[in-house]
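Order of appearance sets the numbers: ligands from 1, and atoms from 1 within every ligand. What's counted below: heavy atoms across the whole structure, side chains too, no hydrogens, waters or symmetry copies.
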Amino acid sequence: MSTQTEANIGVVGLAVMGSNLARNLASREGNTVAVYNRTYARTEELMKEHGDLGFVASESIDDFVASLSTPRTAIIMVQAGKGTDAVISQLAERFEPGDIIVDGGNANFHDTIRRERELREQGINFVGTGISGGEEGALHGPSIMPGGSDEAWETLGPILRSIAAVAEGEPCVTHVGTDGAGHFVKMVHNGIEYADMQLIAEAYDLLRRVGGYSVEELVGIFREWNSGDLESYLIEITAEVLSQTDAETGRPLVDVIADQAGSKGTGVWTVQNAVGLGIPVSGIGEAVFARAVSSKPVQRAAVQKTVTSRPEPPTVTDTFADDVRAALYASKVVAYAQGFDLIVAGAKEYGWDIDLGALAKIWRAGCIIRARFLNRIVEAYANKPDLETLLVDPYFADAVAKGEDAWRRIVGVAAASGVPAPGFSSALAYFDSLASERLPAALIQGQRDFFGAHTYQRVDKDGTFHTLWSEDRSEVATEPSTH
Ligand code: 6PG
């Protein structure tokens, strides 16, 4: 069934995210929304529940395409993967040059670059778009990170601005850059999300296992933190999760949830790409690995059986909770600094002109990592767009310096207590590595030269050198090793 009304935007894929995005679009002045789902019953369900939103519903993909005004613009909201390619093919067969296909799923940006190139050959605009904020965000206002061409942005910009979350009066959407830039930054957003969640989990674990706080007391602590510079969606929902009592047992829900964390893969992609680009995202990496360790029940049980004793946590002072807060904040600065470093490296590698300040701006609301903290990042890049790292922005440098002693104490207490804090400790190690005048990498260069003649540079003169380790151990000037 299709009406004569023409829609300026269409949504393909009406699971919760797609339906909510369609409802958000339809609720905004100036939008008429066409909807299509492979299973028509889902479309009928949406029409039944929200038919008042004036959707133009089609049972067939042909009718759906026919219901779109030109340039036809359709947002694909299906689980990233093979389904995406199937829907793209269906639309591409029916779209004309100048039309726009948007992929709102968590696609791998490498796929997006390929798809954008293939469709551009047909004159069709392909826009990979990060959409963050989950189902609630899709309905009430997500943070939106579109890539794709300037031509597509001309049509898409006003539509996406009409549905995005708003921070400080500005819609949380920006044209991130060309081809896969949108999905790349969404991937990094998710990586930062992993790191942020891991750090909060470590703070919770230390407060509970070392500080001895009850779950009820922890709700109060996280709520208090959420009124200060740690204010964020993730801190807010942490208090909510901890405040939940399990109806069946009457125990805190967190105590009946299995302690094995899952992941859909965007955190892994972030680390894989960071390693390839030579960017140490240790905070994100430790978060990914911590989820993997938690999901190794056999190994964990074997070690628990073998380890005969565990350290007794030291008695902590009444500043412990505040020390944990300071360690959390400093480690969070490191995680975001590393995430933004990765975006800089990705932009250079893939030829994107990404405005870091504009990106921090659209992460202030709607997305999962939304936080007061991001206003400071906006200011940091406004003050110095080519900032070497967030750690040297005066505001963050001062905040980390103020928290440094507490951070060191907490990492020490965690180690002494046998409470794993890979996020806190790797962040501190990263900070100390950058802050150290000399690193043991010099010894590594010597080792590499010894066994592989991989050569080394010297601190006191230019050139490349090799020591004749298996001869008279004299040093020779040479060319950099290529093997
Ligand atoms: C968002 C979220 C979302 C994420 C899911 C699952 O920005 O709305 O980041 O895109 O994919 O929350 O994430 P994991 O299963 O990988 O933890």
Side-chain angles (χ1 to χ4, degrees), residues 13 15-21 24 75-81 83-84 102-109 111-112 128-147 160 163-165 167 172-174 176 180-201 232-238 240-241 257-274 281 283-295 335-336 339 342-343 359-371 374 423:
V16 180
M17 281 292 285
S19 295
N20 283 359
L21 196 75
N24 185 348
I75 303 181
I76 301 172
M77 290 299 286
V78 298
Q79 184 73 28
T84 311
V102 183
D103 175 11
N106 271 338
N108 188 307
F109 77 96
D111 292 335
T112 301
T129 296
I131 298 178
S132 178
E135 294 161 5
E136 279 307 293
L139 181 59
H140 299 299
S143 167
I144 311 173
M145 298 151 249
L160 296 183
I163 60 165
C172 291
V173 55
T174 188
V176 175
H183 275 147
F184 181 87
V185 300
K186 175 57 168 71
M187 173 191 80
V188 180
H189 163 279
N190 281 30
I192 292 172
E193 172 189 305
Y194 277 47
D196 217 338
M197 291 165 72
Q198 175 64 25
L199 293 171
I200 291 170
S232 66
Y233 173 72
L234 285 172
I235 292 277
E236 178 193 340
I237 67 166
T238 295
E240 293 314 304
V241 169
I257 293 176
D259 66 342
Q260 300 177 29
S263 85
K264 291 197 183 66
T266 46
V268 170
W269 293 345
T270 310
V271 178
Q272 286 169 333
N273 283 281
V281 291
I284 298 168
E286 288 299 347
V288 169
F289 296 144
R291 293 194 186 192
V293 167
S294 77
S295 305
Y336 278 71
L342 177 55
I343 291 169
L359 194 56
K361 273 188 178 174
I362 70 166
W363 283 351
R364 290 177 298 181
C367 64
I368 302 293
I369 64 170
R370 59 186 183 266
L374 279 149

Query raised in the report: So, for Thr174 and Pro146, which heavy atoms are closest and what is the spacing to 0.1 Å?
Result: O-CD, 3.0 Å
Query raised in the report: Numbering the atoms of ligand 1 from 1, which are under 4.0 Å from a heavy atom of Tyr194?
Result: 14 (P), 16 (O), 17 (O)
Report summary line: among protein heavy atoms, the one nearest atom 9 (O) of ligand 1 is Glu193 OE1, 2.5 Å
Query raised in the report: Is ligand 1 less than 4.0 angstrom away from at least one heavy atom of Gly133?
Result: yes
**Report entry** Minimum-distance protein heavy atom relative to atom 7 (O) of ligand 1
**Finding:** Ser132 OG, 2.6 Å
Query - side-chain hydrogen bond (donor to acceptor under 3.5 Å, both in side chains) partner of His183, the single match among Asn106, Asp111, Thr112, Thr129 - result: Thr112
Report summary line: With heavy atoms and a 4.0 Å threshold, my read on which part of Arg291 contacts ligand 1 is side chain
Query - Heavy-atom pair of closest approach, residues Cys367 and His189 - result: CB-NE2, 3.5 Å
**Report entry** Intermediate values then yes/no, side-chain contact (heavy atoms from CB on, under 4.5 Å), Phe184 and Met145
**Finding:** CA-CA 9 Å; Phe184 181 87; Met145 298 151 249; over 6 Å; no
Query raised in the report: Atom OG of Ser232 and atom CG of Leu374: how far apart are they, to the nearest 0.5 Å?
Result: 9.5 Å
Report summary line: Counting from 1 in the order shown, the ligand 1 atoms closer than 4.0 Å to a non-hydrogen atom of Lys186 are 1 (C), 2 (C), 3 (C), 7 (O), 9 (O), 10 (O)
Query raised in the report: Strictly under 4.0 Å, does any heavy atom of His189 approach an atom of ligand 1?
Result: yes
Report summary line: Residue set satisfying side chain to side chain donor-acceptor pair (under 3.5 Å) with Glu193, at least two apart, ordered chain then number -> none
Requested in this report: Examine ligand 1 and decide if any of its atoms is less than 4.0 Å from a heavy atom belonging to Ser263.
Outcome: yes
Query - Val16 backbone acceptor or donor facing Ser19 side chain under 3.5 Å - result: no
Report task. Please write down residue, atom name and distance for the protein heavy atom closest to atom 11 (O) of ligand 1. Result -> Asn106 ND2, 3.0 Å
Query raised in the report: Can you list the atoms of ligand 1 that are under 4.0 Å from a heavy atom of Ile368?
Result: 1 (C), 2 (C), 7 (O), 8 (O)
Requested in this report: For side-chain contact (heavy atoms from CB on, under 4.5 Å), just list the numbers for Ser143 and Arg370, CA-CA rounded to whole Å, side-chain angles, deciding distance to a tenth of an Å, and then say yes or no.
Outcome: CA-CA 9 Å; Ser143 167; Arg370 59 186 183 266; over 6 Å; no
Report task. Using protein heavy atoms only, decide if any is under 4.0 Å from atom 5 (C) of ligand 1. Result -> no
Report summary line: Counting from 1 in the order shown, the ligand 1 atoms closer than 4.0 Å to a non-hydrogen atom of Lys264 are 6 (C), 14 (P), 15 (O), 16 (O)
**Report entry** Under 4.0 Å to a heavy atom of Gly134 - the qualifying atoms of ligand 1, by number
**Finding:** 8 (O)
Report summary line: Residue set satisfying ring pair (Phe, Tyr, Trp, His ring centres under 6.0 Å) with Tyr194, at least two apart, ordered chain then number -> none
